[in-house]
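Below, each value reflects all heavy atoms present in this structure, side chains not excepted, and no hydrogens, waters or symmetry copies. Please read these numbers as outputs of a predicted model, since none were measured by experiment.
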Amino acid sequence: MSGLTSALSNALAGLLVTSGQSAVVSRNITRASDPDYARETLAPTTNSDGGVQSGALQRAASKQLTDALLAATSDSAGQSSILAAFTSLSNTVGDVESDGSVAWGIDQLQQALQASESDPSNVTMANQVITQAKSLAQILNDASKKVEDVRETADTGIDTSVKNLNSLLAQFQKIDNSLSSGTISNDEKAAAQDQRDALLKQISQEIGIRTNQRADGSMAIYSDGGVTLYDRVPRTITFQPSLTLSASSAGNGVYADGVQILGANSPMPTKTGNIAAYAKVRDEVGPTYQNQLDEIARGLVTAFSEKDQSGGGGADATGLFSYSGSPAVPASGTLISGLAASISVNAAFDSGAGGNPNLVRDGGANGAAYKYNTTGVSGFQARLSSLMSAMSAPMTFSSATKLSSSYSLTGLATASAGWVEAGRSDATKVSTAADAVMSRATDALSRTTGVNIDDEMSQLLALEKSYQAAAKIMTTVNSMLGQLMDSVR
């Protein structure tokens, strides 16, 4: 009698274990497509009396692969943001031979000057020079505004990322507290760990991170620069966005509990993720291209400036092109931030504004001492020829352009467009490579912690057989007990 009772008890325990395992396998199958779900297993354990019972729920995990995926996610997100900025600038610059590019505008002005040189008395030709000069100034104004927009978009991106990061860290605290409390069930713990890993992926998109898990189940998060972002409680990340970002203005830094983690003064700057990428666009890419535009504009102001022809020693003064500092001519090789945004055509040359287009041929916008055609000859070509030569001659440009310091105006404009295109091309390659690394890291982690449907179905069939065996034992025992009771009666 006791043997039958023991067999019945063991069969019942087997059914309970099988039932629990079936529930876990079913959950694995249901969430197989969830990228944040890690496969779970429930292995039985053997009692001292030879019976079985359900063991602890096990969740597949790999810290090494998870860390690799977080790093790849940060890099991929950041490179995508940099590529987007270069693409935006590249769309504005366009091909150097296309309408609207700075190089194209300079070429059109040179052609107009050449046509006017061939017929100096033709006012229509002179007006065409003015028209092309106005077009070129507008191109520089628009390109400068585009750079400002790109920088402001990046600044807004930093603000959005910081707000998102604070929100994610607050969510992380709730889950981290539950995991370290020791009061949740194994099922709840596995689900919380899934949520925590999902949050880490989202956090890593905003900023590169490293993690350290403690024995009690809690976890600390540090930026890839080494600054603590979370340790029992989230650190407050602060950033003050800029309303506008002109050519000469710098953006604000990002702070974690008062420690600067972004910007030139940061002791431990963050290196990857959206925040670092947006800062690179705002503080490096945008300003460098703006410097190139400003130097091109300065070159135009200088090339078309007027010199004292009287021998009186008057200072050089701006001619066809004006800017906010007119009539002073900028010093050679000296960057003037924002010049591209303020450059315009001197109204004294513009017939539409009551000016005289023949000033291009004759000079004298700054008074009689600056007049080149002193005799008023209608076929005077010397000034037009000298202007064309000035546009083609090498000039000294600031090293802030990160290009050669010696270019002609055309050469600098072409090199500038090439710089943007090279940046876009490099960003495309780096972004593609970063995406590939993230994809491989995702696959590697998935192979280790993800769900394989074929394996789960095989496991389910095996559990079904175990269930049938336990049920058969119970049926057999029940029949034997019935026969035993009948014999007694």
Side-chain angles (χ1 to χ4, degrees), residues 31 33-38 59-84 154 156-180 189-213 217-239 254-257 261-262 270-280 431 434-435 437-446 448-450:
R31 299 188 60 185
S33 60
D34 185 348
D36 298 322
Y37 179 74
R59 175 178 178 270
S62 170
K63 180 172 178 12
Q64 183 179 11
L65 292 175
T66 299
D67 289 347
L69 177 59
L70 294 178
T73 300
S74 296
D75 195 33
S76 176
Q79 294 302 333
S80 294
S81 297
I82 292 174
L83 174 59
T156 300
I158 294 174
D159 187 44
T160 301
S161 287
V162 166
K163 290 175 179 174
N164 194 30
L165 181 56
N166 281 321
S167 174
L168 291 170
L169 291 175
Q171 295 174 52
F172 189 89
Q173 183 184 24
K174 295 179 181 178
I175 296 174
D176 194 59
N177 286 345
S178 68
L179 284 169
S180 60
K189 182 178 179 182
Q193 288 172 326
D194 286 344
Q195 295 177 44
R196 186 167 67 179
D197 284 355
L199 283 173
L200 287 174
K201 292 178 189 175
Q202 295 180 62
I203 291 171
S204 67
Q205 291 181 6
E206 309 301 353
I207 187 170
I209 57 173
R210 294 186 288 107
T211 61
N212 180 35
Q213 185 163 350
S218 66
M219 181 177 285
I221 305 175
Y222 309 93
S223 73
D224 54 6
V227 176
T228 302
L229 300 175
Y230 175 88
D231 190 357
R232 307 290 183 186
V233 294
R235 298 294 190 264
T236 301
I237 316 300
T238 57
F239 172 69
V254 175
Y255 298 82
D257 259 0
I261 62 173
L262 190 69
T270 183
K271 303 165 187 172
T272 58
N274 280 327
I275 292 177
Y278 287 136
K280 181 179 178 68
S431 181
D435 289 346
V437 171
M438 187 179 72
S439 178
R440 286 197 292 272
T442 302
D443 289 344
L445 183 61
S446 178
T448 302
T449 67

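You'll find the side chain of Asp36 stays beyond 4.5 Å of the side chain of Gln195, heavy atoms only. Within the 4.5 Å cutoff, the side chain of Asp75 has no heavy atoms near those of the Val437 side chain. Side-chain contact between Val227 and Arg235 is absent, with no heavy-atom pair separated by less than 4.5 Å. With contacts defined as side-chain heavy-atom distances shorter than 4.5 Å, the pair Asn164/Gln202 does not qualify. With a 4.5 Å cut-off on side-chain heavy atoms, Leu65 and Thr449 do not count as touching. A heavy-atom distance below 4.5 Å is found between the side chains of Arg196 and Met219.
In this structure, the side chain of Asp231 does not engage the main chain of Ala220 through any donor-acceptor pair within 3.5 Å. Judged by distance alone, the side chain of Ser76 and the main-chain N or O of Thr73 form no donor-acceptor pair under 3.5 Å. Side-chain atoms of Ser180 come within 3.5 Å of backbone atoms of Asn177 as a donor-acceptor pair (strictly under, hydrogens ignored). Looking only at distances, no side-chain donor or acceptor of Ser167 sits under 3.5 Å from a matching main-chain atom of Lys163. Remark: the backbone N or O of Asp435 is not paired with any side-chain donor or acceptor of Ser439 at under 3.5 angstrom. Not one N or O on the side chain of Tyr278 forms a donor-acceptor pair closer than 3.5 Å with the backbone of Lys280.
Atom-to-atom distance recorded for Asp443:CG and Met438:CE is 10.5 Å, nearest 0.5 angstrom. Here the OG-CG distance, from Ser204 to Leu199, works out to 10.5 Å after rounding to the nearest 0.5 Å. Taking OG1 from Thr160 and CZ from Phe239, the interatomic distance works out to 9.5 Å, rounded to the nearest 0.5 Å. Rounding to the nearest 0.5 Å places CG of Asn274 at 11.0 Å from CD of Gln79. Rounded to the nearest 0.5 Å, atoms CG (Leu179) and CZ (Phe172) are 8.5 Å apart.
Scanning for salt bridge (charged side-chain N to carboxylate O under 4.0 Å, His left out) contacts around Arg59 gives Asp194, Asp197, with sequence neighbours left out.
The minimum heavy-atom distance between Ala192 and Ser178, with the atom names listed, is CB-OG, 4.2 Å. In terms of heavy atoms, Ala277 sits closest to Ser81 at CB-CB, 3.9 Å.
The only member of Thr270, Leu200, Thr272, Asp224 that meets side chain to side chain contact (heavy atoms under 4.5 Å, CB included) when paired with Ile209 is Leu200. When each of Leu168, Ile221, Asn166 is tested with Leu229 by the rule side chain to side chain contact (heavy atoms under 4.5 Å, CB included), just one qualifies, namely Ile221. Under the side chain to side chain contact (heavy atoms under 4.5 Å, CB included) test applied with Leu262, the options Ile207, Val162, Ile158 reduce to a single match, Ile158.
The environment of Lys201 atom NZ is dense: over 12 non-hydrogen atoms of other residues, nucleotides or ligands sit within 6.0 angstrom.
Under 4.0 Å is where a charged nitrogen must lie from a carboxylate oxygen, and between Arg210 and Asp67 no such pair does.
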Worked verdict on Glu206 versus Ser161 for side chain to side chain donor-acceptor pair (under 3.5 Å): CA-CA 6 Å; Glu206 309 301 353; Ser161 287; 2.7 Å; yes
